[in-house]
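Only this structure's heavy atoms are used, side chains among them; waters, hydrogens and symmetry mates stay out.
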Amino acid sequence: MALVGAGFFWASASFAAPVQTLKISTWNMDWLLAPQTQNAPQLPPDIPHRTAPDFAALATYAQRLHPDLIGLQEVGDTTTLARLFNAQDYQLFLSGDDIAQHTALAVRQGLRIRRNPDVAALALSPGSNTASLTQWVGCDHPYGGSGLTDSGCSFQNWLLG
C-alpha cells in the first residue's frame, strides 16, 4: 500500500481553527490474518502463521508507535486488526477489496473522519481498491446536502491503496 494522497488541505478564507499536528504512519502487516484463516487453501502456504505471542508483540509495537492515523497493508479483517489497535482508542476502516489482503486505516478516536467509497480507478491490481477517508477540523458537521455548512472547516483527504 502506498500513501497516494498525503494530506491534501483545503481551507476557506475565514479559516480560524488552531493548527492540528498529526502523527501519521504506515505499516505493512505481512499477512495479518485471523488464525482460523491462515490455512485457507487459496492462500500461499508460506505466509506467516501468527500465534498469540506474535499478536501480543505486534500490539506492543502499535502501542509504542501510538499514531493518530496509520495506513496499513495486508490486513485480513477489522476483528484481527482490533487485536493490535484497541477499538476504545482507534476507529478501524478496511477497504472493500474482494481479496484476502486489504488496505486499512486505524484512526485515533476523537478525530472526525468520514469513510468515503473506495476508489477502484486507482487500484494497482485487479480486485484491489484504494481506501479513502476525509478528516475535517474546525467544525462539527462539514457535509451538508450541497457541500460545506461551516466556513471554518478544513479538510485532509487520505487515499491508500
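Cluster annotation: I47 is not connected to L32 through the hydrophobic network of ILVMFWY side chains, with a link wherever side-chain heavy atoms come within less than 4.5 Å.
Residues T80 and F55 meet the side-chain proximity criterion, which asks for heavy atoms closer than 4.5 Å. Side-chain contact between L84 and L72 is absent, with no heavy atoms from C-beta onward closer than 4.5 Å. Side chains of W27 and L58 form a contact here, defined as non-hydrogen atoms less than 4.5 Å apart.
In this structure, the side chain of Y90 does not engage the main chain of A82 through any donor-acceptor pair within 3.5 Å. With hydrogens and angles disregarded, a donor-acceptor distance shorter than 3.5 Å links the side chain of Q38 to the backbone of L33. Judged purely by atom type and a 3.5 angstrom limit, T103 has no side-chain atom pairing as donor or acceptor with the backbone of S95.
Applying the side-chain contact (heavy atoms from CB on, under 4.5 Å) criterion to T78, with sequence neighbours excluded, gives L92, L94.
Atom CD of Q36 sits in a crowded spot, with more than 12 heavy atoms from other residues, nucleotides or ligands closer than 6.0 Å.
One finds the CG atom of N86 at 11.0 Å from the CG atom of L81 (value rounded to the nearest 0.5 Å). L65 contributes atom CG, which lies 12.5 Å from atom OG1 of T60 (distance to the nearest 0.5 angstrom). Here the CD1 atom belonging to I70 is positioned 13.5 Å from the CZ atom belonging to R108, to the nearest 0.5 angstrom.
For the pair W31 and R50, the tightest heavy-atom approach, listed with the atom from each and the gap, is O-NH1, 3.5 Å. Residues Q109 and Q91 share a closest heavy-atom pair of OE1-CG, 3.5 Å. Between E74 and M29, the shortest heavy-atom distance links the atoms O-CB, 3.9 Å. Scanning both residues, G76 and H102, for their nearest heavy atoms gives O-CD2, 3.2 Å. The nearest pair of heavy atoms linking S25 to P67 is OG-CB, 4.0 Å.
Using a 3.5 Å distance cut-off with no hydrogens or angles, the side chains of D54 and H49 do not pair a donor with an acceptor.
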